[in-house]
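Take a look at the structure below.
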Amino acid sequence: MAKGITKRSEDYSRWYTDVIAAAKMADYSPVRGCMVIRPTGYAIWEKMQAGLDKMFKETGHVNAYFPCFIPESFMKKEAEHVEGFAPECAIVTHGGGKKLDEPLYVRPTSETIIWSMYKNWIQSHRDLPILINQWANVVRWEMRTRLFLRTTEFLWQEGHTAHATAEEAEAETRQMLEVYRTFAEEYMAMPVIPGIKTENEKFAGAERTYCIEAMMQDGKALQAGTSHNLGQNFAKAFDVTYQTEAGVREHVWATSWGVSTRLIGALIMTHSDDNGLVVPPKLAPLQTVLVPIWRGDDERAQILERANQLAADWKGKFSYKIDDRDNYRPGWKFNEWEKAGVPIRLEMGPKDLANNVVVMVRRDTGEKEILSQENLTAKISATLDAIQKNLYDNALDFREKNTHTVDTYDEFKERLENESGFYWVHWDGTTETEQRLQAETKATIRLIPLAPEPEPGKCMITGKPSPHRVLVAKAY
RNA sequence: CGGGGCGUAGCGCAGCUCGGUUAGCGCGCAUGCUUCGGGAGCAUGAGGUCCCCGGUUCAAAUCCGGGCGCCCCGACCA
């Protein structure tokens, strides 16, 4: 039934790219490592943007736009930042046919150019906080790329805030992490675990990085969003100070936070199946498609008339399309919309017309149901809600089934071989042990829980004391 | 950067080993008719720098040399 899509059990990577191709979400571009986001993929991004942007505004943020070119000298001002990003930057050396006096970095992230501006905008505590977000593209010259998950250029949002106190910055960082968690769970129907990154994994230039981690269907972890407490690092690098109420000059406290088009990859790998894309109703570009079935022009006219009558009640309640194309047959359409992940398909033919019913098919379960044409609108709305919930429940159930607790390194290594998934383990808190773990098993410490359950134990590798467990997994 | 695979019609491929008519096949595309409840059938038709450069030869998609590009897998990263 799913011609052209490799089964997940055969080859997970190929399945992933097949789903994207079958749903016409993206295409490879003439430029290595870059992708073209096609209308179907972009529509999902627009839905994500709409949901997130609303939440950003509700928490007091405003949008702005900063340039994509950053003077080299700016990039070099924060030591850890430049060290972290320099290897993966694209640099413009020529413009207008002439060599530039100073090379321009194509932004891999915008902290530096934004803080160069904040320096001018901030003098007094009265100027704080600044709560700016921008929707933009960024470029990171990755060695290996995968559609949506890691491309040389990608789209994202980056919030950059400035605060008078460390406490306020920390509260902001945590608040935005919570926004991401809510978005992932409520819109994407993707359960996530919030936490803190280890020193080793934190953002270049941050004091502390928070993240949300999700489990993909192959048991691997995917970092779905990050929120950084930047402390005073950028304020010091760019000499951004303000006068307190008491008249004292202090460096400003900063945060930054972002999610990217990678979320689309996360969405695919959380819900989709061997028949193609599955999209939760809240992010589906098209929520319901009605496929009319007819023989001959008379039936066609009758069916379409009834379909339009029914659909008149749907406006403003959910998005829909009546697929009245005459050049494709119903079976072909069923398949196409299935691959595209449309949550609900309705079928209506002559028999249904005679019986005053329609056939409804759920994308998530494949269940067919014959519905009266009375109260159809309410039934569709309720089913969309049910699909949203079912997708979340399934994803959560999958994660729980694939989350393990282990105490010894031998057991960990053995189980990781056979069951990829999340592992809660004891760790002694050192970077050396973390690096050894990664070198020996390819798994990484994904996060330290926000509010860890105190559980004194011994590091599974070194046997040194550990106050609580951390989350370890192979990751994208 | 290492390992593997591959460049021939829009897409997927055969042909290459062993050089030889006008380079094929499937899907898709165009037109027409019949169809239409899970990827329709028939007929007709359009569509090619055989990745590039050089060499060998009467003759190269095919042999030789060099180059470029893409995909997959690993080391780094959202």
Side-chain angles (χ1 to χ4, degrees), chain A residues 1-6 11-18 21-22 27-34 84-89 108-109 137-158 180 197 200-204 209 211-214 221-228 256-266 275-276 291-297 299-300 303 323-339 345-355 357-359 361 366 368 370 435 438-439 442 444 474-476:
Chain A
M1 206 146 77
K3 255 188 272 175
I5 299 178
T6 306
D11 185 338
Y12 195 78
S13 291
R14 277 194 55 188
W15 166 80
Y16 176 76
T17 50
D18 287 350
D27 216 336
Y28 295 98
S29 82
V31 181
R32 179 194 140 75
C34 294
F85 280 106
E88 52 184 286
C89 284
T109 180
N137 61 334
V138 285
V139 168
R140 295 182 188 177
W141 216 263
E142 301 290 350
M143 291 184 254
R144 238 192 92 215
T145 57
R146 296 189 70 190
L147 293 175
F148 290 114
L149 293 178
R150 184 171 301 109
T151 47
T152 299
E153 180 192 18
F154 57 93
L155 305 183
W156 76 346
Q157 58 67 217
E158 46 181 327
Y180 290 154
K197 283 293 184 194
N200 198 37
E201 296 270 333
K202 76 176 189 192
F203 177 77
T209 290
C211 64
I212 51 173
E213 293 280 333
L222 186 130
Q223 179 175 305
T226 51
S227 183
H228 315 291
S256 70
W257 28 274
V259 296
S260 72
T261 37
R262 172 178 247 207
L263 289 182
I264 297 172
N275 294 324
V291 177
I293 296 152
W294 64 71
R295 284 163 305 185
D297 289 342
E299 275 185 7
R300 179 170 194 263
I303 299 279
D323 187 354
D324 61 357
R325 290 175 294 178
D326 203 9
N327 49 338
Y328 293 108
R329 299 165 75 254
W332 193 94
K333 294 177 183 175
F334 296 167
N335 197 260
E336 183 181 52
W337 294 117
E338 199 161 87
K339 288 187 300 190
R345 180 178 79 237
L346 301 172
E347 307 169 11
M348 187 168 67
K351 291 177 218 158
D352 304 312
L353 203 60
N355 297 327
V357 296
V358 298
V359 176
V361 184
K368 278 194 184 189
I370 295 171
Q435 286 171 344
Q438 185 168 359
K442 307 271 196 298
T444 49
K474 288 186 181 169
Y476 276 96

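All heavy atoms count here, side chains included; hydrogens, waters and symmetry mates do not. Note on naming: letters A, B, ... go to the chains in the order of the sequence lines (proteins, then strands), and numbering restarts at 1 for each one. Keep in mind the model is a prediction, meaning the values are calculated, not measured.
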Does any N or O in the side chain of [X] come within less than 3.5 Å of the main-chain N or O of [Y], such that one atom is a donor and the other an acceptor?
X	Y	value
A:Thr261	A:Leu155	yes
A:Tyr16	A:Leu147	yes
A:Thr151	A:Phe148	no
A:Glu336	A:Trp332	no

Which part of the nucleic acid, if any, lies within contact of [X], taking any heavy atom under 4.0 Å across all strands shown: a base, the sugar-phosphate backbone alone, or nothing?
X	result
A:Val359	base
A:Leu149	base
A:Lys368	base
A:Thr209	nothing
A:Gln223	sugar-phosphate
A:Arg300	nothing
A:Pro87	nothing

Give me the distance, rounded to whole Å, that separates [N] from [M] when you measure between the [atom1] atoms they each carry.
N	M	atom1	result
B:A40	B:G54	P	48 Å
B:A60	B:C50	C1'	11 Å
B:C13	B:C6	C1'	12 Å
B:G24	B:A9	C1'	11 Å
B:C27	B:C33	C1'	22 Å

Those residues that, when tested against [X], pass ring-ring contact (aromatic ring centres under 6.0 Å, His included) (two or more places apart):
X	result
A:Trp15	A:Tyr12
A:Phe85	A:His81, A:Phe203
A:Trp337	none
A:Trp141	none

Please report, rounded to the nearest Å, how far the [atom2] atom of [N] is from the [atom1] atom of [X].
X	N	atom1	atom2	answer
A:Asn200	B:C76	CG	P	10 Å
A:Trp337	B:G37	CH2	P	18 Å
A:Trp141	B:A78	CH2	C1'	17 Å
A:Asn327	B:G39	CG	P	17 Å
A:Asp18	B:C11	CG	P	16 Å
A:Tyr16	B:C71	OH	P	14 Å

Searching all strands shown, indicate the nucleotide that pairs with [N] (Watson-Crick or G-U wobble; both distances under 3.5 Å).
N	answer
B:U31	B:A43
B:U62	none
B:C25	B:G12
B:G37	none

Report the residues that fulfil side chain to side chain contact (heavy atoms under 4.5 Å, CB included) with [X], sequence neighbours left out, ordered by chain and then residue number.
X	value
A:Phe334	A:Val291, A:Ile293, A:Pro330, A:Arg345, A:Glu347
A:Glu142	A:Glu88, A:Arg140, A:Thr145, A:Arg150
A:Val357	A:Asp352, A:Asn355, A:Ile370

Is the phosphate of B:C72, meaning OP1 or OP2, less than 4.0 Å from a side-chain N or O of A:Tyr28?
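So the side chain of A:Tyr28 is within the cut-off, an N or O lying under 4.0 Å from OP1 or OP2 of B:C72.
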Given RNA chain B, 5'-ward residue of the pair A:Pro350 and A:Ser260, judged by closest heavy atom:
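Residue closer to the 5' terminus by nearest nucleotide: A:Pro350.
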In terms of the nearest nucleotide of RNA chain B, which residue is placed more toward the 5' end: A:Thr145 or A:Thr226?
A:Thr145
Kindly point out which of B:C72, B:A78, B:G38 is positioned nearest to the side chain of A:Asn335?
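Of the candidates, B:G38 comes closest.
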Pairs: protein N or O with nucleotides 31-36 of chain B N or O, under 3.5 Å:
{"unit_1": "B:C36", "atom_1": "O2'", "unit_2": "A:Trp294", "atom_2": "O", "d": "3.1"}

Is any N or O donor-acceptor pair between the side chain of A:Glu336 and the base of B:G39 shorter than 3.5 Å?
no
Tabulated below should be each protein N or O lying under 3.5 Å from an N or O of nucleotides 73-75 of chain B; please produce it.
{"unit_1": "B:C73", "atom_1": "OP1", "unit_2": "A:Ser13", "atom_2": "OG", "d": "2.5"}
{"unit_1": "B:C73", "atom_1": "OP2", "unit_2": "A:Arg144", "atom_2": "NH2", "d": "2.3"}

